[in-house]
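A short worksheet on the structure shown next.
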Amino acid sequence: MTGDAAEPERTVDAFVAEIAPGVLAPGVRRRDAVLVMGPWLAGTSSVLAALRNRLPQNTFIESTGLCDGDAPMAVVFVVSAVAPLTESDCALLDAAAVHTDLVVCAVAKIDLHRRWREVLDADRQLLAAHAPRYGAVTWEGVAAAPDLGDIRLNGLVEALGTQLADSQLRGRNRLRSWESQLAMAAWRYDGAADSSARAARVAALGASRVEVGRQRRMARTERAVALRSRLQQARVQLSHFARNRCTSVRSELQEDVASMTRRSMATFPADVRRRVAGVAREVDESIGEHLAEVADVLGLQTDSSFSESVSAEPVGEPPLTSRRVETRLMMLLGAGFGLGVALTLSRIFAELAPELTVAGAVLCILVGLAVTVWVVGMRGLLHDRAVLDRWVCDVTAALRADVEQSAATRVLAAETALTVSLAEHDETRSAVLAAELRTIDAELRQHALARARAVTARDEHLPIVQRALDAVRAELAQRGYARITHEEEGR
Ligand SMILES: Nc1nc2c(ncn2[C@@H]2O[C@H](COP(=O)(O)OP(=O)(O)O)[C@@H](O)[C@H]2O)c(=O)[nH]1
Ligand SMILES: [Mg+2]
């Protein structure tokens, strides 16, 4: 009995196996039941109940009654007469009728909607446009649970009864199942060979490959140029700064010298030493900071070799002592000047007060002496200021030479150290980029391989699948045509 029932399916399987040997047969279990389904609230449950009443010899189920891998003998697609079909309704039917050729459509609730015939016509056209297989399906208007009046189900019952009685039905359903299976297989072969996801990935990999290559070429030169220009800048700025500091400390010291007294002279050399040392330290720190910043900006490791300071020359004593001849000459001139003053005063005194000659002489001598001491002292101070001024100039000139040399030496040391560091850095970076390139290339090779495999598989299998698909479709069309003519003859 079961053998007889499965005969049409076996005939179809043999028909396809002859055209496409080795293609996997659809793994569905045919249930001897009619699936009644449709969009939410279309009236499915009411139609199902009414059909069970009218056709008790047949089994009717809703989609919840089907297990995975089950396929119904026929599908009754119920839609409401309230509005025409939507695209998602069509998709719902597609999913339900993947393995079933017999589809009958019902427009429900025609008692409520007087323009149901227009909706039915619109639905028929929409569904036919959605897929050619639905071009010839039967459409009936039904009222399975009317608010008023009788149930109207005759058209649907009649169409369903006739079509279920078709001796070709099992074969047609099997052919439809094959058609879906083969179309899916063709789609898979095509998709695997021309995968858009893979194409996008390959394009992205190609772009990264170009970018990595560019980085590899450019990074080295770009950074070398940057290092050179930054060091050049540092050299100019540091030497300018050193010169400025020396000039300003010299003017400050010269101002001090110009207003110097004998008392402050003793502490002056120590003061000069302290300030010179201060400037040297300041310039030194500035050089260190500047060079560290250059290294930092270029992202290089700072080496201690260029942060060490170059010590300034120690400052000697001012040459204030060796002026014996000058002192003697000055004493002589001072004494002459004092004598002149004393004689002039004594003359004036003798004329003004002749009775005080002795006292006047003593007073004049004292004044003459005082003038002598003052003149000699003043001249000495001025001389010492001049000497100290020259000394300050010498000391600051030496300081300037020192700090400039220090700046130049340390920038040079920095250049050497940073160039070495840059070379090391470049090597590591270049190794990283090379590794990146290798990874990209490996993935690209894999994609190319996968694509080649998929293309080979498609070229090998797709023509067979396509041939089988064409044959199945032709057979379905022929049997469908036969069904329609048979039904028309029957009327
Ligand atoms: N007037 C009228 N109402 C109906 C008809 N069929 C179903 N209904 C109503 O439509 C609603 C949904 O019906 P139901 O059969 O449960 O639809 P389902 O959600 O698709 O299963 C219910 O309120 C029914 O009373 C009909 O032919 N005429
Ligand atoms: Mg329901």
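When a ligand or atom number is given, it counts from 1 through the structure's own listing order.
How far CZ of R115 is from CD1 of I110: 15.5 Å, rounded to the nearest 0.5 Å. Rounding to the nearest 0.5 angstrom, the gap separating the CD atom in Q405 from the CG atom in D402 is 6.5 Å. Rounding to the nearest 0.5 Å places CG of D284 at 10.5 Å from CD of E289.
Taking distance alone, with nitrogen or oxygen atoms compared against 3.5 Å, L112 stays at or beyond that limit from ligand 1. Below 3.5 Å of separation, one finds an N or O of G43 facing an N or O of ligand 1.
Between D68 and R29, the shortest heavy-atom contact is O-NH2, 3.6 Å.
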| query | Can N58 and R52 be said to form a side-chain contact (heavy atoms from CB on, under 4.5 Å), step by step? | reply | CA-CA 7 Å; N58 290 100; R52 273 183 183 155; over 6 Å; no
| request: Would you please test L175 and D101 for side-chain contact (heavy atoms from CB on, under 4.5 Å) and show each step? | output: CA-CA 8 Å; L175 280 168; D101 189 55; over 6 Å; no
| request: Check the pair V249 / V276 against side-chain contact (heavy atoms from CB on, under 4.5 Å), numbers first and verdict last. | output: CA-CA 8 Å; V249 82; V276 163; 5.7 Å; no
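No side-chain heavy atom of L126 sits under 4.5 Å from any side-chain heavy atom of Y134. Under the 4.5 Å side-chain criterion, counting only non-hydrogen atoms from C-beta, H425 is in contact with R223.
Considering only non-hydrogen atoms, atom 18 (P) of ligand 1 lies nearest to T44 out of L148, I151, I110, T44. In this structure, of K109, R152, H113, E62, the residue bringing a heavy atom nearest to atom 9 (C) of ligand 1 is K109.
With hydrogens left out, the protein atom closest to atom 21 (O) of ligand 1 is S45 OG, 2.7 Å, a heavy atom. Annotation: atom 12 (C) of ligand 1 to nearest protein heavy atom, L41 CD2, 3.9 Å. Taking atom 4 (C) of ligand 1 as the reference point, the nearest protein heavy-atom neighbour is A145 O, 3.5 Å. At the top of the distance list for atom 7 (C) of ligand 1, counting protein heavy atoms only, stands S46 OG, 3.3 Å. Looking only at protein heavy atoms, the nearest one to atom 28 (N) of ligand 1 is D111 OD1, 2.9 Å.
In this structure, atom 23 (O) of ligand 1 has its sub-4.0 angstrom surroundings free of protein heavy atoms. Distances from atom 2 (C) of ligand 1 to the protein include at least one heavy-atom value under 4.0 Å.
Look at S46 and the Mg ion (ligand 2): no N/O/S atom of the residue is under 2.8 Å from the metal.
In this structure, A42 is part of the shell of residues with a heavy atom less than 4.0 angstrom from ligand 1. Note on ligand 1: P146 sits in its first shell, one or more heavy atoms being nearer than 4.0 Å.
In this model, no donor atom of one side chain and acceptor atom of the other lie less than 3.5 Å apart for H99 and Q181.
In summary, the atoms of ligand 1 found under 4.0 Å from a heavy atom of A144, numbered by their order in the structure, are 27 (O). Ligand-side atoms of ligand 1 in range of A143: 27 (O), range being under 4.0 angstrom from any heavy atom.
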